[in-house]
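Here is the structure we will look at, set down as C-alpha cells.
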Amino acid sequence: MFPTNAVDIGDILDRHGRDGTRLMQILRETQEVLGWLAPETITAIAKGVGWPRAKVEGTAGFYSFFHTQPMGRYRILWSDNITDRMIGNRDLMQALCRKLWLEPGRLSEDGLVSVDTTSCTGMCDQGPALLANYRAITRMTPERVAQMAELIQKQVPVAEWPAEWFRVDDNIRRADILLNNAMRPGEALKAALAREAEADQESAANARSWREGVNAATQGPSAVLEEVKKSNLRGRGGAGFTTGIKWEACRHAPSDERYVVCNADEGEPGTFKDRVLLTRQADLVFEGMTVAAYAIGAKKGYLYLRGEYRYLLDPLNDVLARRRDLDLLGTGILGRPGFNFDIEVHLGAGAYVCGEESALIESLEGKRGVPRNRPPYPVTSGFLGKPTVVNNVETFAAAALIAAEGGDWYRGIGTAKSAGTKLLSVSGDVARPGIYEYPFGVTVAEVLADAGAAETQAVQVSGPSGVCVADNEFGRRIAFEDIPTAGAFMVFDRNRDMFEVARNFAQFFAHESCGFCTPCRVGTTLLRNLMDKIGNGHGTQYDINEIYQVSRVLQMAAHCGLGHTAPHPLLDTLEKFRPAYERRLKSLDFEPAFDLDGALAQARQMTGRDDLAAHLENAE
Amino acid sequence: MTGTFTLDGREIAFEPGQTVMQAALAAGVFVPHLCYHPEFRPHGSCKLCTMKINGRPATSCTMPAVAGMEVESDTAEINDKRRMLVQMLLVEGNHFCPSCEMSGNCKLQALGYTLGVMTPHFTHFFPDRPVDASHPEMLLDFNRCILCELCIRASAEVDKKNVFALSGRGMKKHLVVNAESGRLADTDFAATDKAAEVCPVGVILKKRRGFAVPIGKRTYDIKPINEQAERFKPVAPTVREKA
Ligand SMILES: Cc1cc2nc3c(=O)[nH]c(=O)nc-3n(C[C@H](O)[C@H](O)[C@H](O)COP(=O)(O)O)c2cc1C
Ligand code: SF4
Ligand code: SF4
Ligand code: FES
C-alpha cells in the first residue's frame, strides 16, 4: 500500500519552499505519494504552508483530480465527451465495471479500484480515451478492457501496463506556417533583439531599462511589440482579444514585476490542438512566451498545463532545461544584460473553469479556481496582484513566428480581419480526425471535405461554448468576423441524435460550473435536469419553455463566460434541430419531474428484480 | 471620480471609489442584494443586484460608478431575473420558513416577498446537509446556506480566525469549518465573533435564542426590505485591505 509517513510530505513541502501559492503542486505531489488527501494530511500541509486548514481543504475540494476520500490504488476515469460517447465509451465503462464487480463512481469493496467518468481529456481523435491514475490512455477496445481488468486484479502497477496503450498520436493532417515551421530554438528571439537594434535610438534606452529596471512604461524594447501590433494577431483561446494591445497595456501598467502566463488548460471539449503544439512545437511556444517577456519586461513565466496532460510535464521540463543550456532562458538571455526570464510548468487538476484567465491565476496562486471580479483585469492586476499577460498556447506560438518574420508578413495571411492561420481539432464523424491548420477564411464545407466527412448533419465549432452549425450554413467561414473558434470542430452525421449532443454538453457545464455565482451554480444543474427529464421521456412543452427562461437568467446574470455560454448548445439545437426535442416530449402539458417508477429503482436493485411486475405503469 | 449617473431616470451622485450599488443605497434607493454587506468588500456572487448599465447587464455591487452611466434596475425584465435567482436559492437548499429562527429577519425571505416569489417554481434539489450542533453556544444549520461567504469574510477579515471556508465545486460547493474533525466545536469560533452575526439567512444561530422577537415585530414585519434602504447604506468598512 501507500506509505503514510509524514517525512514524504516534509520533503515535498521543502521542495516548494513551504509556499502556499504552490499549494496545487504540493497537493498533487502529496497525492501521488499517499494515494489520497486524508484529513490529517490536509492538516499537515496547512501547517507546512502556514495557511488556515479550511482554506487548504477548500482548494483540495475544488479540483476533480484531488481526492479527500480514498479512491483506490487504481483510479480509472473515462473521458465522457460526446465524441467518446459516439464510439461506445459508456458500454466499455460498463463492461470494465462488471469485470471488476463495481459500480461507476464507487470504490470497490476491497478498496482497490474506482471507475468513473471525467470531462473530455483532449483525445477526441483517438478515443475512447481514459485516464488511469491520471495517465492518458487512448483507443480503448473491449479487448483492452478485459486486459485492464486483469491487470488491476493482479495489481500490476500502471507504469507496467502495455506501453502501446499510452501512445498519443499527433494526427497532423494539414500543416501551414505554424506546424511547418522549422525554426531553430532562439531564432525568433534573436530576430526580436536585432529588430530592436535597428530602431537604434531606442536600443540604448532598451538596454538601460533592462539594466536599471526602469519602468517599461517610459522606455523599453518596443520594436518587437510594434511587430505584434502590426500583425493584428488576435487571441486563439476564444475571446479573440488583440494580442499587441494586451501586451502594451501590461507593459504600461505601473509595477516593478510582471508575469507572462501561457494558458494550456485546453478544457473545451473537442479541443486538442494545444496538446499537439506542446508535443511538436514546445520550443516555439516557450519562445513566444520569452518574446512576450522581453516586450513587457517580465522575469517569470508560467505554463498552466491541464492535469489531463500530466504525461507532457516531463518532456516540457526537458525542453525548458535545454533552453536554459542554450542561453534562451535564465539570466542575461542571449548575452543581453538584464534580460532575465524563466518559465515553470504548473499542473492543473481537473477544472475546466481554470481556463478562464482570472480563475487560472487564482489556481496558480494555490487557491480555488474561481473567476475574479473585473475590473481590474489581469494586465493591471494578475498573478500575485501584478500585471500579467495571459495568452493561449497557439497565440504564443504565432507571436514567435511574428517576432521572426515580421508583422506585415503575418498580416498578409488569412482574411482582412483575421490575420494568420488557425489550428482546428477535428473529431467525430470524419474519416481523418486530427489537426488541421488553415489560413483564416476557410469554409466549414472545405474542412469537412478535407477530413472526409459524409452525410454531415451538424458541426459544433469551438466546443460546447461555441456554435452549432447546421448543413445550410456550411458555406460559412472560420474567422473572427464569421465563426470565431478556439479550435474545436466536432462533426455529427445524419445518424446522430442532436438532442443527445446537447444533453452531453448540459451535463458538462453542470459538472464544471465553479459554483461561485447563483445563476450558473443552480442554473446549469436546472438545465441538466430539464434535459434529463426530456431525455427520459417525461418532458413537455413546459420544460422547453423552462430551458429558455433559465437560459435568460444565465445569459444576463452569470459571472463569467462559462455561465454565459452554457445555454448556447441548448438554444442552438432548439433552434436548428427542434424535432430532436419534440419527438421526445410526452405531452404538451405539464408533467411532474418526479418519476414514480424511477423511484422504485433502488428497491428493484436491492431485491434483484427487474420483471414487469416490479415496475409501475406510468399513468398516461 | 465623482459625478452623477442616472438610475431608472433618477440622477444619483457618487463619491470617488463608490460602486453603482453603494451610490444608489447612499441616495436612499434600495437595491436587492444578498452577498453585499455595508461593512465588507463587495463580493459579486449572488447576482441579485444585477442591473443594466448602458444597456448591458452588470453586477452593480462590484461595478465602479462612472459619470454619465445610464442604469436600469427596477424594471420588469430585471426583477423577473431576480425573482428566479431567489427561486434558484430556495430549491438549492432546504428552506422551511415557518420553522426557521430567522423567519421575519431573513433577507432571502424578505426579498422573496418584495420580488413576488409565490412558489419556489423549480423542482427542489433536497440536498442532504447535516446540522452541526457541536458547539456549546452556536448552531450551524447548513440547510439554509446560500453560500454568500459573508461569514468567511467576517471571520477572516474582522475576527482574524478563518473559522469558515468553502470546499467542493459547483452544486457540491459547501461551507466547511476550520477543524480536522469538521466540527464547529473544534474551532476557536465564539458567539461574540463578527462572523456570528453576519449571516443573512438562518445558518449561524445562537442556541437557546430562537424566535426571540414575536411575529409582527421582526425586522421585515415592520416594513418590507425594499423600504429599508437606509439599513444598508455604505459605512466605513471594518476592514478594507486585502485579506
Ligand atoms: C470557462 C472558460 C474557459 C476557458 N478556457 C480556456 C482555455 O482552455 N484555453 C485558453 O487559452 N483560453 C481559455 N479561455 C479564455 C481565457 O479566459 C482567455 O481569454 C485567454 O486565455 C486569453 O488568451 P488569448 O488572448 O491568447 O486567447 C476560457 C474562458 C472561459 C470563460
Ligand atoms: S458563471 Fe459559473 S463558472 Fe463562472 S463564476 Fe459563475 S458559477 Fe463560476
Ligand atoms: S453560513 Fe450564512 S453567511 Fe455563511 S455563507 Fe452560508 S449563508 Fe452566507
Ligand atoms: S449583492 Fe451584488 S452580487 Fe450579491
Side-chain angles (χ1 to χ4, degrees), chain A residues 38-40 42-43 46 51-64 68 350-351 353 368-370 372-375 385 509-526 528-530 533 546 549-550 552-559 563-564 592-594, chain B residues 34-35 41-50 52 56-57 59 61-64 77-78 80-89 91-92 121-125 146-149 152 155-156 161-182 187 242:
Chain A
E40 59 275 16
I42 302 253
T43 305
W51 276 18
R53 185 191 183 282
K55 197 172 164 190
V56 175
E57 184 181 352
T59 298
F62 185 86
Y63 299 89
S64 295
T68 50
V353 70
R368 299 163 57 79
V370 173
R372 292 177 175 175
N373 283 312
R374 283 163 298 169
F509 285 119
H511 184 255
E512 295 297 342
S513 166
C514 84
F516 173 73
C517 69
T518 311
C520 173
R521 183 180 68 243
V522 186
T524 53
T525 294
L526 288 172
R528 186 198 63 199
N529 292 350
L530 285 163
K533 185 181 172 192
E546 285 287 282
Q549 287 229 7
V550 173
R552 279 193 285 269
V553 178
L554 274 161
Q555 289 178 321
M556 177 152 184
H559 182 66
H564 293 143
F594 183 73
Chain B
L34 285 167
C35 68
R41 273 180 292 128
H43 192 244
S45 63
C46 74
K47 301 299 176 192
L48 260 293
C49 68
T50 300
K52 271 191 167 180
R56 295 190 52 186
T59 309
C61 68
T62 54
M63 183 59 70
E77 185 204 7
I78 296 171
D80 188 50
K81 307 293 179 296
R82 290 173 176 158
R83 184 180 320 114
M84 267 191 274
L85 288 172
V86 170
Q87 289 167 326
M88 286 180 177
L89 289 169
V91 300
E92 182 192 23
H121 184 86
F122 302 111
T123 307
H124 276 283
F125 294 177
I146 57 169
L147 305 163
C148 69
E149 299 187 38
I152 300 173
S155 187
K161 288 185 181 178
N162 296 294
V163 170
F164 299 101
L166 290 173
S167 190
R169 183 177 81 208
M171 272 312 298
K172 293 187 182 148
K173 188 170 92 161
H174 60 279
L175 201 62
V176 295
V177 300
N178 195 27
E180 193 174 296
S181 65
T187 69
K242 283 233 180 230

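Residue numbers start from 1 in every chain, and the chains themselves are labelled A, B, ... in the order their sequence lines are given, proteins ahead of strands.
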If you count heavy-atom pairs within less than 4.5 Å of chain B, which of Ala54(A), Ala46(A), Ser64(A) leads? Ala54(A)

Considering only heavy atoms and a distance below 4.5 Å, find which of Ala558(A), Gly515(A), Gly369(A) pairs most often with chain B. Gly515(A)

Ser45(B), Cys35(B), Cys46(B) screened by side-chain contact (heavy atoms from CB on, under 4.5 Å) with Thr518(A), the one that passes: Cys46(B)

Per side-chain contact (heavy atoms from CB on, under 4.5 Å), Pro57(B) is matched among His564(A), Gln555(A), Met556(A) by Met556(A)

Please classify the contact between [X] and chain A as side chain, backbone, both or neither, with a heavy-atom cut-off of under 4.5 Å.
{"X": "Ile152(B)", "result": "neither"}
{"X": "Thr50(B)", "result": "side chain"}
{"X": "Met84(B)", "result": "side chain"}
{"X": "Thr62(B)", "result": "side chain"}

Check Ser167(B) against Gly61(A) and note the closest heavy-atom contact, atom names and distance. OG-CA, 3.3 Å

First locate atom [atom1] of [X], then atom [atom2] of [Y], and finally report the distance between them rounded to the nearest 0.5 Å.
{"X": "Thr525(A)", "Y": "Met88(B)", "atom1": "OG1", "atom2": "CE", "value": "10.0 Å"}
{"X": "Lys47(B)", "Y": "Cys517(A)", "atom1": "NZ", "atom2": "SG", "value": "6.0 Å"}
{"X": "Lys172(B)", "Y": "Ser513(A)", "atom1": "NZ", "atom2": "OG", "value": "12.0 Å"}

Decide yes or no for [X] and [Y]: does some side-chain heavy atom of the first lie under 4.5 Å from some side-chain heavy atom of the second?
{"X": "Pro42(B)", "Y": "Asn373(A)", "result": "no"}
{"X": "His43(B)", "Y": "Phe516(A)", "result": "yes"}
{"X": "Phe122(B)", "Y": "Glu546(A)", "result": "yes"}
{"X": "Leu526(A)", "Y": "Glu92(B)", "result": "no"}
{"X": "Asn178(B)", "Y": "Lys55(A)", "result": "no"}
{"X": "His511(A)", "Y": "Met171(B)", "result": "no"}
{"X": "Leu85(B)", "Y": "Val553(A)", "result": "yes"}
{"X": "Asn162(B)", "Y": "Arg53(A)", "result": "no"}

Please rank Lys173(B), Arg82(B), Arg56(B), His174(B) by heavy-atom pairs under 4.5 Å with chain A and give me the top one. Lys173(B)

Looking at Gly182(B), Gly44(B), Gly170(B), which makes the most heavy-atom pairs under 4.5 Å with chain A? Gly170(B)

Hits for side chain to side chain donor-acceptor pair (under 3.5 Å) against Lys52(B), two or more places apart or cross-chain, chain-then-number order -> Glu77(B)

Distance-only side-chain donor-acceptor flag, Glu180(B) / Thr43(A), under 3.5 Å: yes

I'd like to know if the side chain of Gln549(A) pairs up with that of His121(B) as donor and acceptor (distance under 3.5 Å, no hydrogens or angles considered). no

Starting from the C-alpha separation in whole Å, work towards a yes-or-no answer on side chain to side chain contact (heavy atoms under 4.5 Å, CB included) for Arg368(A) and Leu166(B). CA-CA 9 Å; Arg368(A) 299 163 57 79; Leu166(B) 290 173; 3.9 Å; yes

